[in-house]
Every structure is written in C-alpha cells, then in structure tokens.
Q: 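After the structure tokens below, expect a handful of questions from me.
What you see is a predicted model, and the numbers here were worked out from it, not measured in a lab. So that the names make sense, note that chain A is the first sequence line, chain B the second, and so on, each numbered from 1.
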Amino acid sequence: GAVVSQHPSWVICKSGTSVKIECRSLDFQATTMFWYRQFPKQSLMLMATSNEGSKATYEQGVEKDKFLINHASLTLSTLTVTSAHPEDSSFYICSAPGTSGTEGFKNIQYFGAGTRLSVL
Amino acid sequence: GDSVTQMEGPVTLSEEAFLTINCTYTATGYPSLFWYVQYPGEGLQLLLKATKADDKGSNKGFEATYRKETTSFHLEKGSVQVSDSAVYFCALKGSRGATNKLIFGTGTLLAVQP
C-alpha cells in the first residue's frame, strides 16, 4: 500500500533554533500534501496545504513566516518551524492524498507517523 | 461550514465487550466519511470508509454505515480486544470543490482492559 514517510520522528531543540521536518511519499506522487498539528488529547488541526511548485495555502491563524513550507518535488514536502519556542512543542503530522489509480486509492489520505517536537 | 462531532472519551471497556463510538456530521452535498485509528506513538491509519449514503465500511471487525437521514457514521465492533486500544477519529471529506481536505472530529480514546 501507499506509504508516507515522515522524518524525524522526534526532535528536541533549544528555543530560538529552527527545525525542519520532512514528509515523503514513497511509492506515489503527491502534488498536494497536508500538514497538521495535534495537541495532547485533541484532534488534528490543519495548518496548511502544501502545493508542489507553488506557494502553500495556510489556514486562518497559522503564521506563514513561522511555519515555512516547501514542496519542491512530487514526493517531498518540508515544514520548517522557525525560531522555535516552547509553545511550538507539539505533534506534527503530514498526509498525502492518493491521486491516481483505483478509486479506492484516490479517495483516501495517507498519513506519516508524525514528528514530536519538544522545544526547551 | 462542514464539521464532525464525535463522542468524548475515554471509553473504557472489558475485552469482548461491544463497542459503539458515535459520530455525526454537518456538510453540504455528499461527503465521504472515514474512520482513522491512531495507536500509541504512531500516526493515523485509515480504518474504514464510506463514500455514499447507505454504504457500510468494514475492516478488522469494525463497521460503520453512512446514514444520510441521521447524518451519522457510528463506529461499531462486536467484540473488542486489548489491541484495539487507541484513539479513533471520525473524519469527512467534502464533496464540493477540488480540495482533498479532511475535517476531523476531536477523537475518542478507547481503552480495553483484559
């Protein structure tokens, strides 16, 4: 089945540093990827839609300059948390929708395993 | 706008008990409906889905039926196991526009005790 790989799975950084999270679709191409943030015991909050070859679309209330998204190829999107602070500590998850092939594949999204960010 | 409401947890059951997790939705048109499961320390995995009214999604003993008349997609399993302990998310994908955005419910933690 389709696989989305997310790296790293866990990162600890000092306040003020930047952290890059990668999301790769391993066996299919993804012109669109989604980035979510999940707070403890809460649902996923969509942060932005990453579009290959163009600017990301951010949800209301998400700072574009804080969460930089780059979708440079059909299999890779990156999320960079710039000048991270403790309040940015969270679980970040990416997903990519199936875009071709069978209807069963096209109609669902495939999720990465998530990245736990801890900012000290 | 579109939204998903699911029952709050945690839900604590004994092994072999019957499980129901309620999910209702608000959406225009004909959304697709999903249940995702998140095991401890892992990302979300698709559990089952239904794309039109009266469809029944099923997987690993779990079932959910797309009920348009009640705008519901309740998750059920006849006999839960300890290994089913996880957080379950109900989600919808709208039918309008080209977006693939998923709208999630708040998640329901299921704890199954031996």
Q: Considering only heavy atoms, which portion of B:Phe89 lies under 4.5 Å from any heavy atom of chain A: side chain, backbone, both, or neither?
A: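 B:Phe89 touches chain A through side-chain heavy atoms alone.
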Q: Between A:Asp88 and A:Lys66, is there a salt bridge with N-O shorter than 4.0 Å?
A: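 Yes, A:Lys66 and A:Asp88 are salt-bridged.
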Q: Can you tell me if A:Thr57 and A:Thr49 form a side-chain donor-acceptor pair at under 3.5 Å?
A: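 The answer is no; no qualifying pair exists.
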Q: Does any heavy atom of chain A fall under 4.5 Å from the side chain of B:Leu102, the backbone, both, or neither of them?
A: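 For B:Leu102, backbone and side chain are both near chain A.
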Q: Indicate whether the side chain of B:Glu63 and that of B:Ser58 have a donor and an acceptor atom separated by less than 3.5 Å.
A: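 No.
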Q: Should we say atom NE2 of A:His7 is surrounded by more than 12 heavy atoms from elsewhere, each under 6.0 Å from it?
A: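 No, not enclosed.
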Q: With a strict 4.5 Å heavy-atom criterion, list every residue of residues 105-114 of chain B that contacts chain A, or say none.
A: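 The stretch touches chain A at B:Gly105, B:Thr106.
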Q: Check each atom of A:Gln6 against the heavy atoms of chain B and say whether the ones under 4.5 Å are side chain, backbone, both or neither.
A: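 No part of A:Gln6 comes within 4.5 Å of chain B.
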Q: A side-chain contact here means heavy atoms from C-beta on lying under 4.5 Å apart; do A:Lys64 and A:Lys55 qualify?
A: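 No; the side chains remain at least 4.5 Å from each other.
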Q: Can A:Arg37 and A:Ser90 be counted as having a side-chain donor-acceptor contact under 3.5 angstrom?
A: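 The answer is yes; a qualifying pair exists.
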Q: Does any heavy atom of chain A fall under 4.5 Å from the side chain of B:Gln6, the backbone, both, or neither of them?
A: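 For B:Gln6, neither part sits under 4.5 Å from chain A.
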Q: May I ask you to check whether A:Glu52 and A:Gln29 show a side-chain donor-acceptor distance below 3.5 Å?
A: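 No.
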Q: Would you please say whether a donor-acceptor pair under 3.5 Å links the side chains of A:Trp35 and A:Ser95?
A: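 No, because no side-chain N or O of A:Trp35 sits under 3.5 Å from a partner of the opposite role on A:Ser95.
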